[in-house]
Undergrad: 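Attaching a single structure in structure tokens format; questions to follow.
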Amino acid sequence: MTSANRLCFLFAFIVLGFRASGVACRRTAADMAMSLRHERWMAQHGRVYRDAAEKDRRFQIFKRNVEYVITVNDAHRKYKLRINRYADLTNDEFKASHGGFRPTPTKAAPTFRYENETIVPPTVDWRSRGAVTPVKNQGECGCCWAFSAVAAAEGIIKLKTGKLIPLSVQELIDCSVYGEDRGCNGGAVEDAFEFIISNGGLTTDANYPYTASDGTCDAVKSSSKEATISGYESVPGIGEPSLLKAVARQPVSVAIDAGGPEFQFYSSGVFTGKCGTNLDHGVTVVGYGTTADGTRYWLVKNSWGASWGESGYMRIQRGAAGAPEGLCGIAMYASYPTV
Ligand SMILES: *[C@@H]1O[C@H](CO)[C@@H](O)[C@H](O)[C@H]1NC(C)=O
């Protein structure tokens with residue numbers, strides 16, 4: 001026995017008992033370090049597993065994810081990943097519970113009010129104009145569609161009325177049974193806009209708070225309509241130039257392919273990685289710009305909490321070569337409410 005293995009045996013014996021300690025000690029010292037890292041991560045995120053088998057399974061996933069993050073970061077790309085609270089989930093598990101976008105053909109009338117905008121500012125950040133509420137966390141509820149619609153509505157209402165009113169995502173989850181809307185099982189942004197219009201508005205997030213689960217529509221709360229939209233339009237075509245015109249004037253709901261593990265662990269920088277166009281996640285574009293090294297980007301508000309990405313935001317490359325539909329399909333399915 002090497003001294004590392006002796007230590008390991010002692011440690012494993014204390015933690016796991018005699019039977020498991022032999023198995024554990026066939027692990028290398030590197031695995032030991034990884035194991036400790038997993039323990040620290042579990043404590044940090046309050047994670048508890050039901051038994052040793054589940055813990056070992058989660059450890060193997062954690063280890064693969066740590067190695068993946070290190071590999072990507074060592075490649076010195078324009079963006080960095082980091083281990084976060086999703087570190088013990090496979091990418092399939094993550095995708096199943098943190099998206100919720102159902103692609104549907106657009107129902108908007110074929111008008112695009114910004115089609116003749118010829119001059120757009122070089123940089124837009126609707127946060128600096130006070131038109132964006134704090135980032136929220138959808139949790140394990142596939143209701144990105146509702147967060148995306150609410151953020152776009154909050155934005156245009158602020159720009160038109162001067163008031164930034166955090167609106168109720170939960171009301172959409174519980175009460176919008178329009179079209180594709182299925183609460184935590186996914187929905188479509190345009191159907192959410194349809195609900196807001198026909199309901200005559202949405203109540204506030206404070207009055208009808210988020211629970212990250214499906215509920216029965218509270219008609220009393222839903223009848224207290226704090227703000228509304230009067231219609232919505234979709235950005236025509238699949239090109240980024242049209243999306244730019246719209247985002248220059250207001251926050252815009254978009255759908256992206258957020259299926260890759262790089263999204264799960266995105267930390268900072270402009271995402272320039274590989275990405276498909278299998279739209280599975282609804283987010284809101286709240287600006288755009290160009291970095292000091294000339295990389296153009298979209299500024300995206302996500303709903304995975306403020307500890308994910310850049311305080312809850314992600315920058316996705318704009319004008320990526322070979323992606324006429326926008327990287328991750330960002331310009332394929334964009335719409336915005338009107339007031
Ligand atoms: C854009 O300009 C064209 C040509 O002048 C005009 O027909 C069209 O109505 C304009 N679109 C909007 C949304 O104002």
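Every number for a ligand or one of its atoms is a count from 1 in the order of the listing. The first residue in the sequence is number 1, and the count goes up from there. All of these numbers come straight from a predicted model, not from anything done at the bench.
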Undergrad: What protein heavy atom sits nearest atom 3 (C) of ligand 1, and how far off is it?
TA: Asn116 ND2, 3.7 Å
Undergrad: Is the distance between the ring centroids of Trp308 and His98 under 6.0 Å?
TA: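 They do not qualify: ring centres at least 6.0 Å apart.
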Undergrad: Is atom 7 (O) of ligand 1 near the protein, in the sense that some protein heavy atom lies at less than 4.0 Å from it?
TA: no
Undergrad: A quick test of your reading: do over 12 heavy atoms of other residues, nucleotides or ligands sit less than 6.0 Å from CD of Glu140?
TA: no
Undergrad: How far is atom 9 (O) of ligand 1 from its nearest protein heavy atom, and which residue and atom is that?
TA: Glu115 OE2, 4.5 Å
Undergrad: Is atom 1 (C) of ligand 1 near the protein, in the sense that some protein heavy atom lies at less than 4.0 Å from it?
TA: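 Within 4.0 Å: yes, protein heavy atom nearby.
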Undergrad: Measure from NZ or CZ of Arg64 to the centre of the six-membered ring of Phe59, then state whether that distance is under 6.0 Å and the direction lies within 45° of the axis.
TA: no
Undergrad: For ligand 1, is any non-hydrogen atom under 4.0 Å from Phe112's backbone (N, CA, C, O), its side chain (CB onward), both, or neither?
TA: backbone
Undergrad: Would you say Thr290's side chain and Arg296's backbone share a donor-acceptor pair under 3.5 angstrom?
TA: no
Undergrad: Would Phe271 and Phe263 count as a close aromatic pair, with their ring centres under 6.0 Å?
TA: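 For Phe271 and Phe263, the ring centres are under 6.0 Å apart.
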